[in-house]
Amino acid sequence: MAKIHGVPGEWARVKGTVLGLWPVFAAVMLLGFALALAIFASILAGVILFVGALVFLGLSLLRGLQRIERYFIGARGEEHVAGLLRKIPDAYHVYNDFKAGNCRVDHVVIGPAGVFAIETKCWRGRVTVEENHILLDGQLPDHSPLAQAAREAASVRKVLAKLGYDGPVTPVLAFASDTFAAHIAEVEGIVVMNAAEIDTCFQTSKVVLQPAELARLIGLLENLK
């Protein structure tokens, strides 16, 4: 079994909760201001503002809960992928929720086959590739997951370069819902696969990092703040 570092899905839950609830807090503050306005200034203006704040609170709560649910679904996807990564050969180290500069990478895997930055998606619907684009049920998503995976791999590489590692970092896009029609493919230099293919992907005789270099890199990461 691989060596595991970090807690999968932790950042997704924190971020989702904050983004989902801050408008609710703003609405509650607005309600308080409306009450103060009605008491100390104008009752009519206060009542109008209070009603508006109540509507805003209801909409904020509804949208906030929907946003939180999306992030929590993503967190569960990260946990699923982390569980599969735990089962890869024990020469590998898995860093969940890896902080790389200003971004958080779902999983960074380091082992004999090299360094991999894994972006996990838990999408409902059929995922396909057409003309080097990822499509969900035949439609382009709002944000390109390929571009996201490439950016995260570049961020990980910058972090490792500061530690003295000048090798490549392979970007990986993994679908926790196993809805990628091709199962595993390479698109624009990015490995795209279903989570079910993780074991196959890392069961390889290819050696990129020799034991001494691997041990040195893991040691450097242990001191990373």
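Listed by first and then second residue, the salt bridge (charged side-chain N to carboxylate O under 4.0 Å, His left out) pairs that reach into residues 22-38 come to none, sequence neighbours excluded. Screening residues 15-30 for side chain to side chain donor-acceptor pair (under 3.5 Å) gives no qualifying pairs among residues at least two apart or on separate chains. Sorted by first and then second residue, the ring pair (Phe, Tyr, Trp, His ring centres under 6.0 Å) pairs with a member in residues 99-156 read Phe116-Phe202, Trp123-Phe175; sequence neighbours excluded. The ring pair (Phe, Tyr, Trp, His ring centres under 6.0 Å) contacts involving residues 44-89 comprise nothing, where partners must be two or more places apart or lie in separate chains.
Remark: Glu197 engages no residue in a salt bridge (Lys or Arg N to Asp or Glu O under 4.0 Å) (not counting sequence neighbours). Partners of Ala215 according to the side chain to side chain contact (heavy atoms under 4.5 Å, CB included) rule, which considers only residues two or more places apart in sequence or in another chain, do not exist here. A search for salt bridge (Lys or Arg N to Asp or Glu O under 4.0 Å) contacts involving Arg157 returns nothing, not counting sequence neighbours. Applying the salt bridge (Lys or Arg N to Asp or Glu O under 4.0 Å) test to Glu119 and every residue at least two apart in sequence or in another chain returns Lys121. Remark: Arg151 engages no residue in a salt bridge (Lys or Arg N to Asp or Glu O under 4.0 Å) (not counting sequence neighbours). With sequence neighbours left out, His5 forms a ring-ring contact (aromatic ring centres under 6.0 Å, His included) with His93, Tyr95.
Crowding of Gln66 atom CD: a count of heavy atoms from other residues, nucleotides or ligands under 6.0 Å exceeding 12. Atom NZ of Lys3 is surrounded by more than 12 heavy atoms from other residues, nucleotides or ligands within 6.0 Å.
Summarising the geometry of Ala53 relative to Leu31, their closest heavy-atom pair is CB-CD2, 3.4 Å, with the distance given to 0.1 Å. Looking at every heavy atom in both residues, Gly111 comes nearest to Leu209 through O-CD1, 3.5 Å. When all heavy atoms of Ala75 and Gly9 are compared, the pair lying nearest together is CB-O, 3.6 Å. The two atoms that bring Ile43 and Ala38 nearest to each other are CG1-O, 3.4 Å, heavy atoms only. When all heavy atoms are compared, the tightest approach of Thr120 to Ala176 is CG2-CB, 4.0 Å. Taking all atoms of both residues into account, the shortest heavy-atom contact from Pro8 to Glu79 is O-CG, 3.8 Å.
Between atom CG of residue Leu21 and atom OG of residue Ser60 there is a gap of 10.0 Å, rounded to the nearest 0.5 Å. A distance of 7.5 Å separates CD1 of Ile184 from OG1 of Thr200, quoted to the nearest 0.5 Å. For the atom pair CD1 of Ile48 and OG of Ser42, the computed distance is 7.5 Å after rounding to the nearest 0.5 Å. A distance of 7.5 Å separates CD1 of Ile134 from OG1 of Thr128, quoted to the nearest 0.5 Å. A distance of 4.5 Å separates CG in Leu49 from CG in Leu30, rounded to the nearest 0.5 Å. Atom CG in Leu65 sits 9.0 Å away from atom CD in Glu69 (nearest 0.5 Å).
A chain of hydrophobic side-chain contacts below 4.5 Å, direct or via other Ile, Leu, Val, Met, Phe, Trp or Tyr residues, connects Leu54 to Leu61. In this structure, Val169 is a member of the same hydrophobic cluster as Leu221, with clusters built from ILVMFWY side-chain heavy atoms closer than 4.5 Å. A continuous path of ILVMFWY side-chain contacts below 4.5 Å connects Val159 to Leu214, so both sit in one hydrophobic cluster. Taking hydrophobic clusters as Ile, Leu, Val, Met, Phe, Trp and Tyr residues chained together by side-chain heavy-atom distances below 4.5 Å, Leu35 shares a cluster with Val28. At a threshold of 4.5 Å between side-chain heavy atoms, the hydrophobic network of Ile, Leu, Val, Met, Phe, Trp and Tyr places Val187 and Val127 in one connected group.
A salt bridge links Asp97 with Arg104: the closest approach of a Lys/Arg side-chain nitrogen to an acidic carboxylate oxygen falls below 4.0 angstrom.
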- Message: Quick one, Ile88 with Met1, criterion side chain to side chain contact (heavy atoms under 4.5 Å, CB included). Give me CA distance, side-chain angles, the key distance, then yes/no.
- Response: CA-CA 6 Å; Ile88 65 178; Met1 296 175 65; over 6 Å; no

- Message: Would Val156 and Phe98 count as a side chain to side chain contact (heavy atoms under 4.5 Å, CB included) here? Give the steps.
- Response: CA-CA 8 Å; Val156 172; Phe98 184 88; 4.2 Å; yes

- Task: Starting from the C-alpha separation in whole Å, work towards a yes-or-no answer on side chain to side chain contact (heavy atoms under 4.5 Å, CB included) for Val108 and Ile118.
- Result: CA-CA 6 Å; Val108 172; Ile118 302 178; over 6 Å; no

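At a threshold of 4.5 Å between non-hydrogen side-chain atoms, the residues Leu146 and Leu173 count as touching. Counting heavy atoms from C-beta on, the side chains of Asp106 and Val81 never come closer than 4.5 Å. Looking at Val7 and Asn96, their side chains never come closer than 4.5 Å, going by heavy atoms from C-beta outward. Counting heavy atoms from C-beta outward, Ile218 and Ile110 have side chains that approach closer than 4.5 Å. Using a 4.5 Å cut-off on side-chain heavy atoms (C-beta onward), Val109 and Val115 make no contact. Tyr165 is listed as a side-chain neighbour of Glu213, based on a closest heavy-atom distance under 4.5 Å.
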When the side chains of residues 188-195 are checked against the rest of the protein, which donor-acceptor pairs come out under 3.5 Å, sequence neighbours left out?
residue, atom, partner, partner atom, Å
Glu188, OE2, Asn132, ND2, 2.9
Asn194, OD1, Thr179, N, 3.2
Asn194, OD1, Phe180, N, 2.7
Asn194, ND2, Phe180, O, 3.0
Asn194, ND2, His183, ND1, 3.4

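Taking Ile, Leu, Val, Met, Phe, Trp and Tyr as members and joining any whose side-chain heavy atoms lie under 4.5 Å apart, directly or through other members, the hydrophobic cluster of Phe40 also contains Ile39.
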